[in-house]
2 protein chains.
Amino acid sequence: MSRSDLAGKAAAPKIARPVPLRESVFDALLELIISGHLRPGQHLAESELAEMLGVSRQPIREALQLLSGEGWVDLHPGHGAFVHAPTAEEADQLLGVRALLETEAARLAARNHTDEGVARLRALCSRGLAAVDADDIDGAVAINSELHATVMELSGNTVLIDLAAQVSRRVRWYHTPVARQRGRASWEEHTALIDAIARGEADLAAEIMKNHTEHTRHLYLSQLGEEEPVQPLPSRRRKRRAPASL
Amino acid sequence: MSRSDLAGKAAAPKIARPVPLRESVFDALLELIISGHLRPGQHLAESELAEMLGVSRQPIREALQLLSGEGWVDLHPGHGAFVHAPTAEEADQLLGVRALLETEAARLAARNHTDEGVARLRALCSRGLAAVDADDIDGAVAINSELHATVMELSGNTVLIDLAAQVSRRVRWYHTPVARQRGRASWEEHTALIDAIARGEADLAAEIMKNHTEHTRHLYLSQLGEEEPVQPLPSRRRKRRAPASL
DNA sequence: AGACTGTATGCTGTAGGCAGTTGACGAAAA
DNA sequence: TTTTCGTCAACTGCCTACAGCATACAGTCT
């Protein structure tokens, strides 16, 4: 009777690998948050989520803690979990920090550049340009993420990589409602970046990445800042048992 | 019969505030890790910890997840938790990222400087110099942390603050075995930094902070790198049915 | 009428327990 | 002696249940 909804995801490949239920719950909840089904500021009652997903409260609790660690929900001890309410200011800060981390990554990547790494970057860049020329927006966005992730990876700094990944995940919140990419210009900057990395010119690579990410940042911000969901700390229960109005 | 050991910490101020047991467990385990009682690479059996701390496995599990989020332990699904094994390379990366974040914080702090903030920095700096002159090493270290934290805070970038806090906590791992501070010179740099912030010279403030933190970083690294605990993925059990000590 | 207190309900935090799986030890075979 | 397989203890992941607290509603007092 349990695991009704997640059964297909979690319990099916039961033998294949011990994918903890909590991670399926994590994904499910994250999807509900990003999609807007669970709205910012909303109180997340464990029992409700447990029933909704067909699991017990334990995996829910653990998933909520993971989500809290990544900034998706806020945990108020004794009061439960609330969907984090993103703000334009936070988006700005997030993008600023991401720009900072990526800039440093570009610098380090140029410093430790390898032929193999540069080749991977060039391949991705080609695919990206092809996608743009084919008007494949989704593809270009995906390849763009992959390229940036590869630069991060080539930096060789695990701490930097982890932090950047964390920040990038949180940026995803604003990704959906925002326009995607800025076309060919972006990919020409990528080309210049890769050239700088290949030549080992760390400062130049950093400079290019800085301009690149700051450009993207301003693009985001110009499109953001209209709608602003604000819910300070709403009452835990919507209502008690009377229909009432509000 | 439960909560024997943590009773004094957690259950005593029970009414004062609902401090979840998990946070007491978090602190207790962190202390055990930093102090070296739990050694790098060691497998942490939930039942053992539960019995040791006198609580059930649930708060232990949750505390372990929190610790994992901050990089203190590694969680291997299905295999349990292992104390993270720090390396000199990781220390280097950690310090490098921290330098990066603090440099940016100094830049932002200079940009948004306020009289009140500058006053707080100056006060801390005075206290720090006094502590140094009085040969109060511990005091100077504490004030140093506070000063850097204040610069971070004055940056006004919450995301940056959170990330830096996270990184700084992890640096603490290497803090204990490493010598503490470098005396007056450090505090003169602080003075110059505060002046730059007060005048709103963002680039200068960033430059000073960069040199300052890089200096500290090299100091750390020169003192590090001798002892290097390495334990890839040891057997889960020390023995099978021996009485065991811990 | 408004403020305060008592009461009820839902929630969180924690405990305890069960099933499945992992990994090691020991025996048997090559 | 070395390799392979069977057996088994212990651990993780999950579920269920309970105690305590927080909040909202209702009744009472001023």
Side-chain angles (χ1 to χ4, degrees), chain A residues 1-4 6-7 10-11 13-26 42-51 53-66 68 73-82 233-244 246, chain B residues 1-4 6-7 10-11 13-26 42-66 68 73-82 233-244:
Chain A
M1 131 177 169
S2 41
R3 310 198 183 178
S4 51
L6 287 176
K14 188 179 269 185
I15 300 181
R17 233 182 249 189
V19 177
L21 199 47
R22 95 175 76 97
E23 297 188 10
S24 311
V25 173
F26 178 97
Q42 177 176 346
H43 178 230
L44 301 177
E46 295 169 1
S47 337
E48 243 177 278
L49 298 177
E51 191 181 1
L53 299 180
V55 301
S56 87
R57 278 177 51 214
Q58 171 101 358
I60 299 283
R61 281 180 71 83
E62 301 194 353
L64 286 176
Q65 298 216 347
L66 294 179
S68 162
V73 308
D74 300 318
L75 248 39
H76 296 252
H79 294 205
F82 298 79
L233 231 189
S235 111
R236 283 164 61 189
R237 291 175 268 240
R238 293 139 315 289
K239 42 200 92 144
R240 185 124 140 155
R241 79 174 37 212
L246 175 70
Chain B
M1 134 177 174
S2 37
R3 314 198 180 177
S4 52
L6 287 176
K14 188 179 269 182
I15 300 181
R17 234 181 247 189
V19 177
L21 203 46
R22 99 174 74 97
E23 297 189 9
S24 310
V25 172
F26 178 95
Q42 177 176 345
H43 178 232
L44 300 177
E46 295 170 0
S47 338
E48 251 178 273
L49 298 177
E51 192 180 1
M52 188 192 315
L53 299 180
V55 301
S56 85
R57 278 177 51 216
Q58 173 92 3
I60 299 284
R61 282 179 70 83
E62 302 195 353
L64 286 176
Q65 298 216 348
L66 294 179
S68 163
V73 308
D74 300 318
L75 248 39
H76 296 252
H79 293 203
F82 297 80
L233 233 190
S235 106
R236 282 165 61 190
R237 297 175 261 239
R238 294 141 309 294
K239 335 180 155 141
R240 183 109 147 163
R241 70 176 47 207

Peer 1: For the CG atom of A:Leu64 and the CD atom of B:Gln65, what is their distance to the nearest 0.5 Å?
Peer 2: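 Those atoms lie 10.5 Å apart.
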
Peer 1: From B:Ile60 CD1 over to B:Glu48 CD, what is the distance, rounded to the nearest 0.5 angstrom?
Peer 2: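 If I round to the nearest 0.5 Å, the distance is 11.0 Å.
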
Peer 1: Output the rounded distance in Å from CG (B:Leu53) to P (C:dG13).
Peer 2: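 It works out to 19 Å between those atoms.
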
Peer 1: Taking atom C1' of C:dC11 as reference, at what distance in whole Å does atom NE2 of A:His76 sit?
Peer 2: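 So the two atoms are 15 Å apart, to the nearest Å.
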
Peer 1: In whole angstrom, give the distance that lies between atom CD1 of B:Ile60 and atom C1' of C:dG13.
Peer 2: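 Distance, rounded to whole Å: 14 Å.
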
Peer 1: Please report, rounded to the nearest Å, how far the P atom of C:dG13 is from the CD atom of B:Glu23.
Peer 2: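 Spelled out: CD on B:Glu23 to P on C:dG13 is 10 Å.
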
Peer 1: Which part of the nucleic acid does A:Glu46 contact within heavy-atom distance under 4.0 Å: base, sugar-phosphate only, or nothing?
Peer 2: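 Answer is sugar-phosphate: A:Glu46 comes under 4.0 Å of backbone atoms only.
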
Peer 1: Output the single nucleotide from D:dC14, C:dT14, C:dT22 whose closest atom is nearest the side chain of A:Ser56.
Peer 2: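 Of the options given, the side chain of A:Ser56 lies nearest D:dC14.
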
Peer 1: Roughly, in whole Å, what's the span from CD in A:Glu51 to P in C:dT12?
Peer 2: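 Going from CD in A:Glu51 over to P in C:dT12 covers 13 Å.
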
Peer 1: Using a cut-off of less than 4.0 Å, is there contact between a side-chain N or O of A:Arg61 and OP1 or OP2 of C:dG13?
Peer 2: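 Indeed, a polar side-chain atom of A:Arg61 lies that close.
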
Peer 1: Looking at C:dT14, D:dC14, C:dG23, which one has an atom nearest to any side-chain atom of A:Gln58?
Peer 2: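 Selected nucleotide: D:dC14.
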
Peer 1: What's the CG-C1' distance between A:Asp74 and C:dT12, to the nearest Å?
Peer 2: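 Whole-Å distance recorded here is 17 Å.
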
Peer 1: Would you compute the distance between atom CG of B:Leu75 and atom CG of B:Leu44 and round it to the nearest 0.5 angstrom?
Peer 2: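 Output value for this atom pair is 9.5 Å.
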
Peer 1: Tell me which nucleotide among D:dT12, C:dT12, D:dA22 gets nearest to the side chain of B:Ala45.
Peer 2: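 So the nucleotide nearest the side chain must be D:dT12.
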
Peer 1: Rounded to whole angstroms, how far apart are CG on B:Leu64 and P on D:dT12?
Peer 2: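 Result: 9 Å.
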
Peer 1: Applying side-chain hydrogen bond (donor to acceptor under 3.5 Å, both in side chains), can you list everything that pairs with A:Arg61, at least two apart in sequence or on another chain?
Peer 2: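 If we apply the side-chain hydrogen bond (donor to acceptor under 3.5 Å, both in side chains) test to A:Arg61, skipping adjacent residues, the hits are A:Glu46, B:Glu62.
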
Peer 1: Check every atom of D:dG13, D:dC14, D:dC18 against the side chain of A:Glu62 and return the nucleotide holding the closest atom.
Peer 2: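 So the side chain of A:Glu62 is nearest to D:dC14.
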
Peer 1: Which part of the nucleic acid does B:Leu75 contact within heavy-atom distance under 4.0 Å: base, sugar-phosphate only, or nothing?
Peer 2: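 Touches nothing.
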
Peer 1: Does A:Leu44 or B:Pro59 map to a spot on DNA chain C nearer the 5' end, using the closest nucleotide for each?
Peer 2: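 Upstream on the strand: A:Leu44.
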
Peer 1: Could you tell me whether the phosphate oxygens of C:dT12, OP1 or OP2, come under 4.0 Å of any side-chain nitrogen or oxygen in A:His79?
Peer 2: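 No, A:His79 has no side-chain N/O under 4.0 Å of OP1/OP2 on C:dT12.
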
Peer 1: When you get a sec, tell me which of C:dG13, D:dG13, C:dA15 is the closest nucleotide to the side chain of A:Arg22?
Peer 2: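 The closest nucleotide is D:dG13.
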
Peer 1: Fit a plane to each ring of B:Phe82 and B:His76, take the angle between them on a 0 to 90° scale, and name the class: parallel (under 30°), tilted (30 to 60°) or perpendicular (over 60°).
Peer 2: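 The rings of B:Phe82 and B:His76 stand perpendicular, inter-plane angle above 60°.
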
Peer 1: For A:Arg57 and D:dA19, what is the distance between atoms CZ and P respectively, to the nearest whole Å?
Peer 2: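 In whole Å, D:dA19 P lies 15 Å from A:Arg57 CZ.
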
Peer 1: Tell me which nucleotide among D:dC11, C:dC18, C:dT12 gets nearest to the side chain of B:His43.
Peer 2: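 Taking heavy atoms from C-beta onward, the closest nucleotide is D:dC11.
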
